[in-house]
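Data block below; observations after.
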Amino acid sequence: RTLSTVTQTETSNDIILLGHKYPTDKWTNITQNIICKLGKNLHITPYHPLSHIRQRIVNYIYMQFYNRIGNPIFSVYDNLSPIVTVAQNFDSLLVPKDHPSRKKTDCYYINQDTLLRAHMTAHQTELISMGLNNFLVIGDVYRKDEIDSMHYPVFHQVDAVRLCTIDEVFQNVNNTDGLRLFEHRGIESNEKQACHTLESVKVMEHELKNTLTGLAQTLFGSEVQYRWTEQYFPFTHPSWELEVYYKDRWLEILGCGIIRQEILQRTGTEERIGWAFGLGLERLAMCLYDITNIRLFWSKDTGFLNQFKVEDPNVTIKYKPISIYPQCKNDISFWLPEDRHYSSNDFYDLVRDIGGDRIEQVILKDEFTDPKTKRLSHCYSITYRDMERTLTKREVNNVHKQIGNIAAEKLHVKVR
Ligand code: FA5
Ligand code: MG
């Protein structure tokens, strides 16, 4: 379980993922720890807490949107491959070429054209191009990120898209004379895109927000405290985030907005206006089931999994922690490379690759610049704790030492 496995595949130039062969290049930064997570499909694993939440969300959307004979109008895609192109994940969604979310320090690249999807929105344009107007896309997404109880490099999202014709948008209006979806000489404002009429956007915004606050109330109960904040996404405008109050703080659970018309135009969907949202399953599950650590979703321990063995996903479950094993904290300090070509995210990723799920948290404790040489030093505190047993001091020290050695080798830092 070290980075050397990846070096090997790099020199042999090809890498096999989910049964397909991909060439590697200088963009390749996927690690063994991440490769092990591919194909696990927790969101469709029977009785898994993430699959319970997935089912509740799908049921809710089915109930909200149905046709004249009572059938659900949304279709569900929950088994699309997480390996996507840069075009799918970014270009098709109007993400600027220099946007930080594209960086190697934020994503897992297989090569310069291919990566593990960083959000489920990566499938939006292809599904719209297929002619779908109402759909959900559910699956695993991959990001280099901080390490703590709420963040994990693999998590799960549900994305939704709904596209409406003018008749659908104004179906509850008696006199639709003069109502339009589009205007030609409009200007973009905080409230709308240039091409949309204010009335069409307001109706769509209302349906979107009602759908999502309704979902929050269905999951958390009608007393749930929530608030909307304004947000920016390259692929929607206007855009919002929904936060719910949980354990004394506001927790962001989803992003959403009115789809950029340019995206629809490019797929030949000219007569419709659309909304979209993307939400994180882990955050919802953690709140609902009192699961305090995001790593638990990957546990194979029956003491965890058996607590969710219920047929009806709507029954209330409060997770009772299986015995708590002791934590072990160890610090590491090093000088950054002189060219300062260094990102903490790369170090977090390396720590996770070597330590696996024994790593509970990594925090940047201290930064220091040598007044003479001007060299920069970072000190990180690494918390080790296994979910299923007590780690020995010796074991922790070995892993810690290995982290230092490999960081020196791969990130060109100098351990102090
Ligand atoms: C997105 O990923 C957008 N694609 C969402 C979207 C879709 C907006 C369609 C508009 C239209 P964001 O990066 O904020 O946005 O992630 C969405 C949700 O995923 C967050 O609200 C959160 O619930 C969850 N999430 C994000 N990062 C993590 C993480 N590291 N660990 C667990 N959950 C996460
Ligand atoms: Mg967000």
Side-chain angles (χ1 to χ4, degrees), residues 34 37 42-43 49-50 53-54 57 82 84 88-90 92-95 99-102 106-108 116-125 127-128 135-163 193 204-205 208-209 211-212 215-216 219-220 226-244 246 250-261 263-264 274-288 291-298 345 348-349 352 361-362:
I34 292 298
K37 302 288 191 289
L42 300 181
H43 61 291
L50 295 178
I53 307 253
R54 171 205 167 283
I57 295 169
V84 300
Q88 287 174 296
N89 200 83
F90 299 116
S92 72
L93 295 168
L94 314 176
V95 177
H99 198 270
S101 64
R102 292 185 183 243
D106 287 57
C107 298
Y108 291 102
L116 298 179
R117 64 189 166 208
H119 56 177
M120 289 310 290
T121 319
H123 300 289
Q124 184 176 104
T125 29
L127 293 171
I128 294 174
F135 60 85
L136 298 175
V137 215
I138 309 171
D140 38 336
V141 301
Y142 297 78
R143 290 185 199 175
K144 289 196 183 187
D145 216 330
E146 306 157 52
I147 297 186
D148 62 26
S149 63
M150 297 302 282
H151 292 82
Y152 198 81
V154 191
F155 58 99
H156 296 77
Q157 287 186 330
V158 177
D159 254 54
V161 165
R162 171 158 166 80
L163 306 179
Q193 298 168 38
M204 291 299 278
E205 174 180 341
L208 172 61
K209 287 185 170 173
T211 302
L212 290 170
L215 175 63
L219 294 176
F220 295 109
Y226 62 82
R227 70 178 185 199
W228 288 101
T229 58
E230 302 231 327
Q231 187 40 272
Y232 167 82
F233 297 105
F235 33 92
T236 51
H237 182 76
S239 311
W240 305 274
E241 278 180 346
L242 180 60
E243 300 180 337
V244 298
Y246 171 69
W250 289 101
L251 181 69
E252 173 208 322
I253 59 166
L254 63 87
C256 66
I258 306 296
I259 298 174
R260 279 272 172 205
Q261 202 63 29
I263 294 176
L264 300 185
W275 55 245
F277 69 78
L279 62 79
L281 283 181
E282 276 79 354
R283 298 232 174 129
L284 295 179
M286 289 175 82
C287 298
L288 270 177
I291 296 173
T292 48
N293 198 304
I294 194 166
R295 284 181 297 166
L296 275 166
F297 294 109
W298 298 88
N345 273 358
Y348 299 150
D349 198 38
R352 182 83 84 180
Q361 190 172 42
V362 184

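Remember, it's 1-based here, ligands and their atoms both numbered in the order they're listed.
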(request) Only counting residues at least two apart or in another chain, list the ones meeting salt bridge (Lys or Arg N to Asp or Glu O under 4.0 Å) with Arg102. (result) Asp91

(request) Could you tally the protein N/O/S atoms lying less than 2.8 Å away from the Mg ion (ligand 2)? (result) 2

(request) Answer yes if the side chains of Ser101 and Asp106 hold a donor-acceptor pair under 3.5 Å, and no otherwise. (result) no

(request) To the nearest 0.5 angstrom, please state how far the CG atom of Leu242 sits from the OH atom of Tyr226. (result) 8.0 Å

(message) Could you work out, with salt bridge (Lys or Arg N to Asp or Glu O under 4.0 Å) as the rule, every residue matching Arg143, not counting sequence neighbours?
(response) none

(message) I need the Gln231 CD to Glu252 CD distance, nearest 0.5 Å.
(response) 7.0 Å

(message) I'd like to know if the side chain of Gln157 reaches the main chain of Val141, judged simply by a donor and an acceptor atom lying under 3.5 Å from each other, with no hydrogens or angles considered.
(response) no

Just the distances, no angles: every ligand 1 N or O to protein N or O pair closer than 3.5 Å, one line each.
| residue | atom | partner | partner atom | Å |
| --- | --- | --- | --- | --- |
| ligand 1 | 2 (O) | Arg143 | NH2 | 2.9 |
| ligand 1 | 2 (O) | Gln157 | NE2 | 3.2 |
| ligand 1 | 4 (N) | His119 | ND1 | 2.9 |
| ligand 1 | 4 (N) | Thr121 | OG1 | 2.8 |
| ligand 1 | 13 (O) | Arg143 | NH1 | 2.9 |
| ligand 1 | 13 (O) | Arg143 | NH2 | 3.1 |
| ligand 1 | 14 (O) | Glu252 | OE2 | 3.2 |
| ligand 1 | 16 (O) | Gln157 | NE2 | 3.4 |
| ligand 1 | 19 (O) | Gln157 | NE2 | 3.2 |
| ligand 1 | 21 (O) | Glu252 | OE2 | 2.6 |
| ligand 1 | 21 (O) | Ile253 | O | 3.4 |
| ligand 1 | 21 (O) | Leu254 | N | 3.2 |
| ligand 1 | 23 (O) | Ile253 | O | 3.1 |
| ligand 1 | 23 (O) | Gly280 | N | 3.4 |
| ligand 1 | 30 (N) | Asp145 | OD2 | 3.1 |

(message) Could you check, using the six-membered ring where one of them is a Trp, whether His119 and Phe233 have ring centers closer than 6.0 angstrom?
(response) no

(message) Please report the interatomic distance OG1(Thr211) to CZ(Arg162), rounded to the nearest 0.5 Å.
(response) 8.0 Å

(message) Within this structure, what is the CG-CD1 distance for the pair Leu284 and Ile57, rounded to the nearest 0.5 Å?
(response) 5.5 Å

